[in-house]
Amino acid sequence: MANVAVIGAQWGDEGKGKVVDWLASRADLVVRFQGGHNAGHTLVVGDETFKLSLLPSGLVRGKLGIIGNGVVVDPEALLAEIDKVAAQGLRVTPDTLRLAENATLILPLHAALDRAREAARGDRRIGTTGRGIGPAYEDKVARRAIRVCDLAEPETLSDKLGELLRHHNTLLAGFGAPTFDKAELLDRLLALAPRILPFAEPVWERLDEARRAGRRILFEGAQAVMLDVDHGTYPFVTSSNTVAATAAAGSGLGPSAVGFVLGIAKAYSTRVGAGPFPTELADATGQLLGDRGHEFGTVTGRRRRCGWFDAALVRQAVKVGGIHGLALTKLDVLDGLPELTIGTGYRIGADALPHLPAAPGAQARAVPIYESMEGWSASTRGARSWAELPAQAIKYVRRIEELTEAPVTLLSTSPERDDTILVRDPFEG
Ligand code: GDP
Ligand code: IMO
Ligand code: MG
């Protein structure tokens, strides 16, 4: 298996950026295939910290980055991010980044609608990032989206904007939100076009050539299986499929090109937005995990909810995501906890369930079945080999492998790029 797809196995923020950056040294191209600038991927390289939302993490290693057709692209956010990393010394040019010409654009009206709807939902809000991700995917499926290639055709753009605004201004007005003026929006997009279009191309052709030449492709997932629009805790999910199968459709390759699927999981659990979280800890231990793990949303700045490792949930992600191996991150955050708890399944009344049910009411009522293990007192932070890990930490990892039915392929012990233990090279299959 020449290629690798990295996906989140929980509710996001598992450390995909760190792992993709680390693996990118072994890859030739890094491809984003879904999501948008709702993602926040943090890479720590020496003294420099990169927080990337749209740019593929492989760019930091000097690898060619590709934004696939499955990504929803806010052109202003993309240009702002290119400028931000330039200030950190990372130059992104059309030689280093390619953008699918058939990717859907996120426009300012999408973010406005996202926020207006969230405000109207009140207590029932999803806790979206407010960046217009959901409304942009809705327009794509409704066949009225503006795509990257439309920026090259002012007349097409003008016609499509007319149709789009008829729909969106009606909705925005209904929510009591300000509406958008077509001429203003058209001017804004036409002004962006000369900076965006040099990145645009049919990326599927480049990927096909790369695949046939035996070059290694690393697919970088955003969000995670439990935020997948089909397989996650619906409706508290994002608006794309986050499973590895999407890597093919979201970049323009066949399913056999995806290769090894590496699921990233934290050694505990976190969640940013609203929605079910069976192993959540509302106590001092939850607080401790959040403090130690610096659990604040990269995009939202909101404190992440924290809880124990939910092996039943990750096992479910392994199955629906086609995960071949896990990268277990943030093991160091558990250092010094006297006892560790793992969720192994759920109970609803008298019924024991191996996996989280689909119905929202049942998800809310599901109570975890727990088992406990002794913790370890020595530090694992910065460990770069198994030999540096305390015996209890190894036991914890082994138990996670058994319960999730997936081997641990990689371990991460700090935010820093090289504090990583490779068990098996995913590019070797
Ligand atoms: P992503 O969205 O999956 O890329 O993850 P984020 O970057 O949003 O969040 C993960 C956070 O954990 C970042 O701040 C990383 O720097 C940090 N991180 C990644 N791996 C480790 C690790 O093994 N230990 C610790 N302590 N932090 C880590
Ligand atoms: P990375 O790639 C964590 C969550 C939001 C909200 C839900 C829907 O950094 O792991 P959206 O704006 O996508 O419509 O919000 O999904 N969410 C994430 N949570 N990490 C992310 O990305 C997320 N992207 C979206 O908090 O609950
Ligand atoms: Mg993140």
Side-chain angles (χ1 to χ4, degrees), residues 6-22 32 34-45 49-54 56-57 71-72 74 106 110-111 113-115 117-118 125-138 220-229 232-240 242 263-268 270-277 289-302 304-305 327-335 379-384 410-421:
V6 165
I7 61 167
Q10 293 159 320
W11 281 290
D13 305 323
E14 297 91 349
K16 296 178 291 293
K18 167 177 167 163
V19 173
V20 169
D21 169 60
W22 192 83
R32 275 282 307 271
Q34 48 69 233
H37 65 316
N38 49 348
H41 298 173
T42 313
L43 288 61
V44 181
V45 185
T49 298
F50 294 92
K51 290 184 185 289
L52 305 179
S53 284
L54 262 174
S57 295
V71 177
V72 281
D74 180 327
I106 300 183
H110 292 124
L113 181 60
D114 192 355
R115 291 185 193 138
R117 282 201 306 224
E118 281 284 273
R125 70 183 169 275
I126 293 164
T128 72
T129 58
R131 295 190 160 190
I133 308 297
Y137 276 117
E138 289 164 30
E220 177 177 7
Q223 293 82 50
V225 176
M226 287 302 141
L227 290 172
D228 182 285
V229 68
T233 48
Y234 191 91
F236 300 98
V237 293
T238 192
S239 294
S240 64
T242 59
I264 318 298
K266 272 183 213 191
Y268 51 99
T270 63
R271 175 162 207 168
V272 186
F277 183 172
L289 291 174
D291 292 347
R292 286 251 206 101
H294 301 289
E295 297 296 354
F296 292 92
T298 316
V299 169
T300 58
R302 291 193 299 239
R304 298 177 184 140
R305 301 154 66 192
L328 195 66
T329 62
K330 304 191 105 165
L331 192 66
D332 53 296
V333 174
L334 302 180
D335 290 352
S379 168
T380 66
R381 191 166 170 98
R384 295 184 183 185
L410 209 88
L411 268 168
S412 167
T413 56
S414 100
E416 168 62 36
R417 173 188 274 177
D418 292 318
D419 292 339
T420 303
I421 303 173

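Order of listing sets the numbers, starting from 1, for every ligand and every atom in it. Numbering of residues begins at 1 and proceeds along the displayed sequence.
Here D13 has heavy atoms under 4.0 Å from ligand 1 in both its backbone and its side chain. Heavy atoms from both the backbone and the side chain of P415 come within less than 4.0 Å of ligand 1. The side chain of R381, and not its backbone, has at least one atom closer than 4.0 Å to an atom of ligand 1 (non-hydrogen atoms only; side chain from C-beta on). Residue contacts with ligand 1, taken as heavy atom pairs separated by less than 4.0 Å, do not involve T49 at all.
Residues T233 and R271 bring a donor and an acceptor atom of their side chains to less than 3.5 Å of each other. For the residue pair E220 and S57, a side-chain donor N or O sits within less than 3.5 Å of a side-chain acceptor on the partner. Side-chain N/O atoms of K18 and T329 include no donor and acceptor closer than 3.5 Å.
Between the choices V19, T42, T270, the shortest heavy-atom distance to atom 15 (C) of ligand 1 belongs to T42. Within the set E416, K18, Q10, K16, the minimum heavy-atom distance to atom 19 (C) of ligand 1 is found for K18.
Without hydrogens or angle criteria, E138 side chain to A136 main chain gives no donor-acceptor distance under 3.5 Å. In this structure, the side chain of R292 does not engage the main chain of H294 through any donor-acceptor pair within 3.5 Å.
Polar contact check, G40 against ligand 1: a nitrogen or oxygen pair lies under 3.5 Å apart. Considering both main-chain and side-chain atoms, G12 never comes within under 3.5 Å of ligand 1 through any nitrogen or oxygen pair. Polar contact with ligand 1: present for G15 (N/O pair, distance under 3.5 Å). Checking only distances, K330 does come within under 3.5 Å of ligand 1, N or O to N or O.
Using a 4.5 Å heavy-atom cutoff, the side chains of H37 and V72 are not in contact. Between T242 and I7, the closest side-chain pair of non-hydrogen atoms is not below 4.5 Å. Side-chain contact between P415 and R381 is present, with at least one heavy-atom pair separated by less than 4.5 Å. Between T270 and Q10 the shortest side-chain heavy-atom distance does not fall below 4.5 Å.
Atoms of ligand 1 lying under 4.0 Å from any heavy atom of H41, numbered from 1 in the order shown and given with element: 1 (P), 2 (O), 4 (O), 7 (O).
Around the Mg ion (ligand 3), the protein N, O or S atoms closer than 2.8 Å are D13 OD1, G40 O, listed by chain and residue number.
Annotation: ligand 2 has protein neighbours W11, G12, D13, K16, N38, A39, G40, H41, I126, G127, T128, T129, A222, Q223, L227, V237, T238, V272, G273, R302, each with a heavy atom less than 4.0 angstrom from the ligand.
Each of K330, R304, H41, Q223 was scored for a side-chain hydrogen bond (donor to acceptor under 3.5 Å, both in side chains) with D13, with one residue passing: R304.
Taking 4.0 Å as the cut-off, S414 counts as a neighbour of ligand 1 on heavy-atom distance.
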